[in-house]
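Below, each value reflects all heavy atoms present in this structure, side chains not excepted, and no hydrogens, waters or symmetry copies.
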Amino acid sequence: MAVVPDFHKRILFSDEAHFWLNGYVNKQNCRVWGESNPQVYVETPLHPEKLTVWCALWAGGILLQKR
C-alpha cells in the first residue's frame, strides 16, 4: 500500500462455469456420502451443447461474458 496506494482497486477475482443444456451435471466437485455405491454409468454425447459463463469482480464493478 505504501508503494501503490490504490493497489486494492487493481485486484481482480474471476471464475467460469459450464452449464450443459442436456441436463448433465459435472459431479467432480460434489461429494456423496452414503452406504450404497453411488457410481452409475450413464451414456452421454461426446460433445453436448453447453453454455459457458465467465465473471470477474473488481473495484470498478462486475465483468460478465456468456459464450
Side-chain angles (χ1 to χ4, degrees):
M1 294 295 288
V3 177
V4 183
D6 64 342
F7 177 76
H8 66 285
K9 293 181 180 178
R10 299 179 183 198
I11 299 173
L12 179 86
F13 297 97
S14 69
D15 197 6
E16 71 178 20
H18 306 284
F19 299 94
W20 282 265
L21 303 179
N22 65 354
Y24 170 76
V25 177
N26 182 358
K27 297 179 182 162
Q28 179 179 357
N29 295 326
C30 297
R31 301 294 177 252
V32 178
W33 299 92
E35 295 180 11
S36 62
N37 187 350
Q39 295 187 12
V40 176
Y41 293 97
V42 178
E43 291 186 25
T44 58
L46 184 58
H47 300 289
E49 293 184 27
K50 66 181 174 181
L51 172 70
T52 301
V53 178
W54 178 86
C55 181
L57 304 172
W58 68 303
I62 298 175
L63 304 173
L64 178 67
Q65 179 182 14
K66 297 182 282 186
R67 296 183 258 162

Asker: How far apart are the C-alpha atoms of Leu21 and Lys50, what are their side-chain angles, what is the distance that settles it, and do they pass the side-chain contact (heavy atoms from CB on, under 4.5 Å) test?
Answerer: CA-CA 5 Å; Leu21 303 179; Lys50 66 181 174 181; 5.6 Å; no
Asker: If the condition is side chain to side chain contact (heavy atoms under 4.5 Å, CB included), which residues does Ile11 pass it with, not counting sequence neighbours?
Answerer: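 Phe7, Phe13.
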Asker: Test question: given the 4.5 Å side-chain rule for I, L, V, M, F, W and Y, name all other residues clustered with Leu57, or answer none.
Answerer: Ile62
Asker: With a 4.5 Å heavy-atom cut-off, do Trp54 and Leu63 have their side chains touching?
Answerer: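 Of all side-chain heavy-atom pairs linking Leu63 with Trp54, at least one is under 4.5 Å.
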Asker: I'd like to know whether Arg10 forms a side-chain contact (heavy atoms from CB on, under 4.5 Å) with Val4, so could you lay out the CA-CA distance, the side-chain angles of the two residues, the decisive distance to 0.1 Å, and finally the verdict.
Answerer: CA-CA 10 Å; Arg10 299 179 183 198; Val4 183; 3.9 Å; yes
Asker: Can you list everything that forms a ring pair (Phe, Tyr, Trp, His ring centres under 6.0 Å) with Trp58? Sequence neighbours excluded, please.
Answerer: none
Asker: From Leu51 CG over to His18 NE2, what is the distance, rounded to the nearest 0.5 angstrom?
Answerer: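 The distance works out to 10.0 Å.
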